[in-house]
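Below: one structure in structure tokens.
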2 protein chains.
Amino acid sequence: MSRKYGHYCALATALDVVGERWTLLVVRELLGGPLRFGQLKNELPGIPGSLLSARLQGLMAYGVVEQLDGHTYGLTPLGYGLTPALGELARWGLHFIEEQRPDDAFHPRWIQLALHSMFRPGNGESDGPAVYEFRVEGYIFHLIVEGKTLRSVDGPAGDPDLLVKTDAYTLVRIASGRLRPAEALDSGLVKIMGEREEFDRCVSLFMEAGDTPIPYVGPDGHRRRAAVTKET
Amino acid sequence: MSRKYGHYCALATALDVVGERWTLLVVRELLGGPLRFGQLKNELPGIPGSLLSARLQGLMAYGVVEQLDGHTYGLTPLGYGLTPALGELARWGLHFIEEQRPDDAFHPRWIQLALHSMFRPGNGESDGPAVYEFRVEGYIFHLIVEGKTLRSVDGPAGDPDLLVKTDAYTLVRIASGRLRPAEALDSGLVKIMGEREEFDRCVSLFMEAGDTPIPYVGPDGHRRRAAVTKET
DNA sequence: CTGCATCCGCCTCGATACTG
DNA sequence: CAGTATCGAGGCGGATGCAG
């Protein structure tokens, strides 16, 4: 049995279930739909196979993940219930995304989660559903905005209102408030196919106009200790 | 340097900062305001002093916690930014809160977080601010509902619209959908001072009428494995 | 080749004792 | 009271092995 906190507290209980290392990242992967063990392992660079196995067993025991036919694992409704929590955590994590893209592993699917976490339903009134196709480093998906709901679907859209082509690093710089969307467009870091007006509307769905939605906490801002500290 | 996932992903980055054991519980304690090391240790039953020290150092290095005058620690604005994430996690954790109150440690302050996580702004229209005082197992605090915001303050209220007296276990049973508020009131598990109508209004701020907001996942629901599994 | 169990070195964690 | 030092136990990371 895994380590528990032994606090009669909703947060501590949640962490008893999904607080261990790698667990929430496993859930992150499955948010996009069921996956096989191998795919899961491929999209979680660094995880030992044995640990992934253990996590899946644990999550199944809690009813968060279920094993479907043919060695595929998917979230139960309970597991999908973690979506808002993961969204808020991801949104907060944008404060700390590194300025320079490090040699970290990356999968374009990550940014779908980030986009979801920044979605502000209510900004940008749209009558019918709006469809935006994204092409990020070879990966294609599209967002469907309908009223107050946002869905992201893998693959190209049939007839998108806008097509956006860019790279992950640029998206991160925009999301963390270090690059304004208009600048990204003018400098060619973001290329669009469609009306400029539609681009602005798309942007307004995720961030307030002229404002940095997620102020970035730089590497020096990380150190709040006033005086000199031992650097070992 | 703590272990990092090495994923260029907002969620993984957040977990790099607050994903280690005990870290989010330290933040939970500080959400109510700055605390001294000793208080913090007392309200986190089970944490080793050395680990609390390490966590505080780490959080300070990231700018999430800052040391105030006289050995007191408080959240920075960045730290308070974790509020929605902790709220969503706590809300999800309500699915797993044990049916029987175990011998777990408990502090009434925990339930303030749970109440926050269940708050549904927009339910129950109130013109002026509504003030509800809670007395839970000797601990007194009051909620101030004003429009779409909810604040909870330690200590008694001056002139509350309603006074609620109950125990933690009953609150958990209500929150996890196993006990309806009206039943709790009728059976005397919850005692109120004020109008019954005001009680209903208070309830409607946190849960939909006649509906279980957080379906409980019982100990048997935890096992989704169809067949018999080895029990060691 | 995929899915997962096993083994081992290392680092984190948990408990206690110790210092300013 | 605030925080540090020490040490055993156990979770984690990486490599290997085996069954379907």
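Here is the naming used below: chain letters follow the sequence lines, and residue numbers restart at 1 for every chain. Since the model is a prediction, treat every value here as computed from it, not as a measurement.
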Check whether any side-chain N or O of B:Trp22 sits under 4.0 Å from OP1 or OP2 of C:dG14, and answer yes or no.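 B:Trp22 to C:dG14 OP1/OP2: side-chain N or O found under 4.0 Å.
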Should A:Tyr73 be listed as having a side-chain N or O under 4.0 Å from OP1 or OP2 of C:dT2? no
Residue of the set B:Arg55, B:Arg3, B:Lys4 for which salt bridge (Lys or Arg N to Asp or Glu O under 4.0 Å) holds with B:Glu20: B:Arg55
Any side-chain N or O of A:His71 below 4.0 angstrom from OP1/OP2 of C:dT2? no
B:Ser50 has a side chain; which of D:dC12, C:dG3, D:dA5 sits nearest to it?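 Nearest listed nucleotide: D:dA5.
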At less than 4.0 Å, is any side-chain N or O atom of A:Arg3 found next to OP1 or OP2 of C:dG14? Yes or no. yes
Is the backbone of B:Trp22 close enough, under 3.5 Å, to the side chain of A:Tyr5 for a donor and an acceptor to pair up by distance?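 Between the backbone of B:Trp22 and the side chain of A:Tyr5 there is a qualifying donor-acceptor contact (under 3.5 Å).
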Just how far, in rounded Å, is C1' of D:dG3 from CG of B:Leu52?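 Roughly 10 Å, once rounded to whole Å.
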N or O in side chain of B:Arg21 less than 4.0 angstrom from D:dG11 OP1/OP2: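 No, because none of the side-chain N or O atoms of B:Arg21 sits under 4.0 Å from OP1 or OP2 of D:dG11.
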B:His7 side-chain N/O to A:Asp104 backbone N/O, donor-acceptor pair under 3.5 Å: no
Between atom CG in A:Leu51 and atom C1' in C:dA5, what is the gap in whole Å?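 It works out to 13 Å between those atoms.
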How close or far is atom C1' of D:dA2 from atom CD of B:Glu43, stated in whole angstroms?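 Nearest whole value for this atom pair: 17 Å.
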Sugar-phosphate, base or nothing in reach of A:Gly38, heavy atoms under 4.0 Å: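 A:Gly38: backbone/sugar contact only, no base atoms under 4.0 Å.
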Give a yes/no on whether any side-chain N or O of B:Ser53 is located under 4.0 angstrom from OP1 or OP2 of D:dT4.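 The answer is yes; a side-chain N or O of B:Ser53 sits under 4.0 Å from OP1 or OP2.
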OG1 of B:Thr166 to CZ of B:Arg173, rounded to nearest 0.5 Å, is 10.0 Å
Between C:dT12 (C1') and B:Lys4 (NZ): distance, integer Å: 16 Å
Separation of D:dC12 P from A:Glu20 CD (nearest whole Å): 5 Å
For D:dG3, take OP1 and OP2 only and decide whether either is under 4.0 Å from a side-chain N or O of B:Gln67. yes
Roughly, in whole Å, what's the span from NZ in A:Lys41 to P in C:dG3? 11 Å
Is there a side-chain polar atom (N or O) of B:Arg36 under 4.0 Å from OP1 or OP2 of D:dG3?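 For B:Arg36, the contact criterion (side-chain N or O under 4.0 Å from OP1 or OP2 of D:dG3) is not met.
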Between B:Thr13 (side chain only) and A:Phe96 (backbone N and O only), is there a donor and an acceptor less than 3.5 Å apart? no
How many Å lie between CE on B:Met60 and C1' on D:dA2, as a whole number? 12 Å
Within this structure, what is the CG-to-P distance between A:Asn42 and C:dC1, rounded to whole angstrom? 13 Å
Minimum-distance nucleotide (side-chain atoms of A:Phe37 versus C:dC4, D:dG13, C:dC13):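 Ranking C:dC4, D:dG13, C:dC13 by closest atom to the A:Phe37 side chain puts C:dC4 first.
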